[in-house]
Each structure stands twice: as C-alpha cells, then as structure tokens.
Amino acid sequence: MPDVRIVHTVPELRDALAGVRPGLVPTMGALHAGHQALIRRSAAENGVTVMTLFVNPTQFNDPGDFAKYPRTLEADARAAAAAGADIVWAPAAPEVYPPGFATTVTVAGLTDRWEGASRPGHFAGVATVVTILLNSAQPLRSYFGEKDFQQLQIIRRMHRDLVLPGEIVGFPTVRDTDGLALSSRNARLSSSARAQAPVIHRALNRMTAAARSGEVRCDVLVGEGLAELRTVPDAQVDYLAIVDPDTLEPLGTLARPARSIAAVTLDGVRLLDNMAIQPGSRPWDS
Ligand code: PAF
C-alpha cells in the first residue's frame, strides 16, 4: 500500500504537516469512489493531502444511525492512500469536542429547508465540525462533493462569513454506470431497491431535458420529474424542487441557471441527488 500517515491529535497533525498548508478532504469514512475522486483532485492541486475521518456525532439526529455508521479505519486508510492522500487524520471525539465544549455554528436561512426540515440540528453539527476541522488543519483548499448540494452551499456561506482558511472546492457528483449518485448509504439498499434507485437520476435528467427544450415553468418541470419517479411506485418523494443555487429558495420560473434537488426514500434508505438546470432554447429564439 502507498505510504499514508495516520494521526489522531491536532498536535500530531500539525507536526506531520510541518507548517505546510494541505489540501483537506473531510469525510466520515466508509470511503467510496466519490471520496477517492476528491482525494485525487486534492493530490493533483496540493503538495500534501489530508483526509479527515471522523464520524461526527453532532450531525446525527438518530443515535441509532450514529451507532450503526460503519467504522472501517484500516480499509479507509488504504483507499485514501491509493487515491493519493498523505495523511489520514482520525481524531477521537474528545479531540474535536473537549469536555465543556459549548459552541455551535449555525448558518441562518440556508439550513431551514430541504434536508434541514427533515433533520433538525443536522447542519449545525456539520457547520460546527467543518469549522473545527478547517481551523485545525489550516488548509489551502478543502474539497466537498456536490452530491450533498445543500451542505456544500452552507459550507461555502459559513466559510465566507467566518473568514475560514483557504478555498472551498465543490466537486461534481460521481455516479455509478446506471446514473445512481455514489453515497455510503447505497450499501444499505436491498438489491431490488438498488435496481430501482437510478430513477432519481432519470427524473432529474428528464427535468433538465424539458428545460433544454424551452419549458421555464418550474411546476411543469417538477411535474416531469415526478412523472418519472412515479414509474417506481415504491419511491417515496420527500422533495423534488428547482431552487436558486445560492439561496436554495424554490423558483417559480427558470430564468437563470438553477439546481434541481431531490430526496427520495427507497426501502427505508433516504437518497439525495441534484443536477444543474438552466433555461434552454425558447420557441421564440429559433
Ligand atoms: O459529507 C460528509 O461526509 C460530512 O457531512 C462532513 C462534511 C465530513 C462533516 O462531518
């Protein structure tokens, strides 16, 4: 296996970095090819790449979910090394949240809707831990997947507002050959749900195609996506919407580049996806 140094404490991390500002890839482990793509990008753009591996208790609303989350440090370290990480920082919980820890970072507005509505407190947990990780590692660049689009936009806003170090780099969603966005949760799908799951990508594609052919009414575009999702009767739609990419507010008319976002539950597993969508050629353009 290529060399990777595993460190646990902040002093060990700083010692390993020896003053170099790294590329940072924050993860909760259970690595898949999407994480490895982030690491490869960081390794291409930075002299040193640190992958953090911390299953963050404060972003789980369900303690059962937190307990069940896979913890596979050795396999993750191997996968991180193979993708080009130099250091794996795997802090224990008291390193991140020392006794008496009393601070929470909340990003107003952006966190209220969509995932925030279904998972109260989730984004405060994410924002708080990402602030701690960035302040500890002082990265030049930090890499996050676009698959969790709302998370990425919240991190961008908080990073700007709090003048956190380095630059935030969003990385395009990595998909399986059938279009399903890679996620650690996919491993929990039954084989029949796994076979049905690409319907989410098909629904987003159908919306983008309808926009390209000139439809600008967002309710009609969302209707196209819902029609596709209904081809899988087991798919429970939590939300399907077209939103402003910065404010995440739902749009009535597609007048500028936007984002379609979806959360769909299949067989008890909640799956997220999103896609860029923009106004296409309109009948009066031709
Ligand atoms: O996307 C994730 O894996 C987590 O939310 C993150 C950004 C590593 C924070 O715990």
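In listed order, ligands and their atoms are each counted from 1. As a basis for the values below, the full set of heavy atoms in this structure was taken, side chains included, without hydrogen atoms, waters or symmetry mates. Sequential numbering from 1 along the given sequence is applied to the chain's residues.
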Applying salt bridge (Lys or Arg N to Asp or Glu O under 4.0 Å) to Asp273 and not counting sequence neighbours gives Arg175
Does CZ belonging to Arg217 count more than 12 external heavy atoms closer than 6.0 Å? no
Would Arg156 pass as a cation-pi partner of Phe149, given that its NZ or CZ must be under 6.0 Å from the six-membered ring centre and within 45 degrees of the axis? no
Sequence neighbours excluded, which residues qualify as side chain to side chain contact (heavy atoms under 4.5 Å, CB included) partners of Arg113? Glu249, Pro250
One pair per line, please: each N/O atom of ligand 1 matched with every protein N/O atom under 3.5 Å away, atom names first, then the distance to 0.1 Å.
| from | atom 1 | to | atom 2 | distance (Å) |
| --- | --- | --- | --- | --- |
| ligand 1 | 1 (O) | Gln151 | NE2 | 2.8 |
| ligand 1 | 5 (O) | Gln59 | NE2 | 2.9 |
| ligand 1 | 5 (O) | Gln151 | OE1 | 2.8 |
| ligand 1 | 10 (O) | Gln59 | OE1 | 2.6 |

Salt bridge (charged side-chain N to carboxylate O under 4.0 Å, His left out): pairs with one or both residues in residues 10-36, sequence neighbours excluded: Arg5-Asp15
Parallel, tilted or perpendicular: ring planes of Phe60 versus Tyr69, cut at 30 and 60 degrees: perpendicular
